Amino acid sequence: QVQLVESGGGLVQPGGSLRLSCAASGGIFSRDLMGWYRQAPGKQRELVARITSGGSTTYADSVKGRFTISRDNAKNTVYLQMNSLKPEDTAVYYCNSISGGYGYWGQGTQVTVSS
């Protein structure tokens with residue numbers, strides 16, 4: 001059973017930056033596909049970025065060039081560095097793990113971009 005705990009969300013002004021962290025336990029982190037998703041009010045959950053065990057990354061078009069996903073296998077942690085934040089980035093951000101063929105979710109962390 002994989003457990004994921006996100007942190008780092010908050011309120012930031014447009015143009016600002018935040019770094020989200022997701023600490024994983026209970027699986028073999030280095031082998032797992034890790035991702036960040038987000039869900040804004042009234043909208044479906046969408047993929048933001050993901051990173052394979054080998055370090056290959058994929059990004060949603062809306063965040064390319066602004067967000068960076070990375071992982072530290074020694075710390076069992078995946079990060080999402082978010083720069084040049086926009087009001088439309090406001091959402092609950094969820095960490096996701098695909099481990100042993102099963103999907104797991106964190107509890108989510110709120111990111112609000114507003115002046």
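Position 1 is the first residue of the sequence, and the numbers go up from there. Quick caveat, the model's predicted, so the values are computed rather than measured.
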Out of curiosity, [X] [atom1] to [Y] [atom2], how far, rounded to the nearest 0.5 Å?
X	Y	atom1	atom2	value
Y94	Y37	OH	OH	13.5 Å
L47	T58	CG	OG1	7.5 Å
W36	M82	CH2	CE	8.0 Å
T77	M34	OG1	CE	8.5 Å
Q1	Q3	CD	CD	6.5 Å
L80	E6	CG	CD	11.0 Å

By salt bridge (Lys or Arg N to Asp or Glu O under 4.0 Å) - contacts of R66 (at least two apart): D89
Could you list the residues that satisfy salt bridge (Lys or Arg N to Asp or Glu O under 4.0 Å) with K64, not counting sequence neighbours? D61
Hydrophobic side-chain clustering at under 4.5 Å (ILVMFWY, transitive links): who's grouped with I98? Put none if nobody. L33
Mind checking what makes side-chain hydrogen bond (donor to acceptor under 3.5 Å, both in side chains) contact with S7, not counting sequence neighbours? none
Under the side-chain hydrogen bond (donor to acceptor under 3.5 Å, both in side chains) test, which residues partner S99, sequence neighbours left out? D32
Same apolar cluster: Y102 and V5, side chain cutoff 4.5 Å: no
Spell out, yes or no, whether Y79 and V48 are grouped together once hydrophobic residues are joined by side-chain heavy atoms under 4.5 Å, including indirect joins. no
Residue Q44 excluded, over 12 heavy atoms near CD under 6.0 Å: no
Can you label the angle between the Y93 ring and the F67 ring as parallel, tilted or perpendicular, going by 30° and 60°? tilted
Under 3.5 Å donor-acceptor pairs involving side-chain atoms of residues 9-29, not counting sequence neighbours:
from: S17; atom 1: OG; to: N83; atom 2: OD1; distance (Å): 2.9

side-chain contact (heavy atoms from CB on, under 4.5 Å), that's the test. Do T90 and V111 meet it? Break it down for me. CA-CA 5 Å; T90 295; V111 172; 5.9 Å; no
Using only atom types and a distance under 3.5 Å, with no angle test, would you say the side chain of R71 pairs donor to acceptor with the backbone of T52? yes
Determine whether T109 and V92 make a side-chain contact, defined as any pair of heavy atoms from C-beta on separated by less than 4.5 Å. no
Is there side-chain contact between Y59 and I69, with heavy atoms separated by less than 4.5 Å? yes
Work out which heavy atom in S62 is nearest to a heavy atom in R38; give both atom names and the distance. OG-NH2, 3.4 Å
